[in-house]
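If you read the sequence from its start, that first residue is 1, and numbering goes on from there. Predicted model only: the values in this text are computed from it and were never measured.
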Amino acid sequence: MLTYEDFVEGREFPLGPYVAEREEMLAFAREFDPQPFHLDEAAGGANELVGSLTASGWHTCSMLMRMMADSFLLGASSQGSPGVDFVDWKAPVRPGDSLAGTARVLSRRMSSKRPTLGIAKLSATLSNQAGTSVLVSEYALLLLTREGAAS
């Protein structure tokens with residue numbers, strides 16, 4: 001199990017690949033972000049900013065979450081996150097795009113209140129199969145220390 005001590009500055013975790021499936025994009029949009037350009041090819045094509053059917057940015061964040069879970073979170077002493085500093089959607093995600101990227105540890109510190117809890121700050125970047133950046137984010141991750149995970 002990865003603990004706080006394993007999240008050293010500069011460590012990178014590979015993310016993906018994850019394919020943005022059309023039906024998954026539509027299902028997410030119908031339930032959570034029913035803007036026309038996320039639901040319909042014609043509406044997406046008529047939107048001069050996106051030009052076609054695109055995934056909701058929030059769905060892209062969900063795909064990122066899945067990739068982080070598969071890459072390192074499910075094997076870590078993660079206690080969740082106190083928040084996301086920012087998410088920057090750089091380019092639209094389209095049906096069939098294959099997303100991959102990296103999560104990188106930027107910094108870390110121990111909790112001032114809990115001696116068995118550390119806080120790591122990470123960045124995540126995702127690109128599509130053409131190498132176009134589609135998402136950049138920074139967030140904090142709460143992790144038990146080895147001592148905390150052992151108890």
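- Taking 4.5 Å as the limit, some side-chain heavy atom of Phe13 sits within range of a side-chain heavy atom of Leu2.
- Annotation for Ile119 and Ala140: closest pair CG2-CB, 4.1 Å, computed over non-hydrogen atoms.
- Shown here for Ser77 and Ala149, the closest heavy-atom pair between the two residues is CB-CB, 4.3 Å.
- Cluster membership for Phe7 and Met65, using ILVMFWY side-chain heavy atoms within less than 4.5 angstrom, is shared.
- In terms of hydrophobic clustering, with Ile, Leu, Val, Met, Phe, Trp and Tyr side chains grouped at heavy-atom distances under 4.5 Å, Met1 and Val105 are assigned to different clusters.
- Contacts of Arg11 classified as salt bridge (charged side-chain N to carboxylate O under 4.0 Å, His left out), with partners at least two apart in sequence or in another chain: none.
- Relative orientation of the Trp58 and Trp89 rings is perpendicular, given thresholds of 30° and 60° on the angle between their planes.
- By the 6.0 Å contact criterion, CD on Glu147 is open, its count of non-hydrogen atoms from other residues, nucleotides or ligands being 12 or less.
- Residue Leu135 forms a side-chain contact (heavy atoms from CB on, under 4.5 Å) with just one option from Val93, Thr60, Asn128, and that option is Thr60.
- In this structure the side chain of Leu53 never reaches within 4.5 angstrom of the side chain of Arg94, judged on heavy atoms.
- Residues Leu106 and Tyr139 are not in side-chain contact: their nearest non-hydrogen atoms beyond the backbone lie 4.5 Å or more apart.
- Contacts of Asp88 classified as salt bridge (charged side-chain N to carboxylate O under 4.0 Å, His left out), with partners at least two apart in sequence or in another chain: Lys90.
- When the shell of 6.0 Å around CZ of Arg30 is examined, it contains more than 12 heavy atoms from other residues, nucleotides or ligands.
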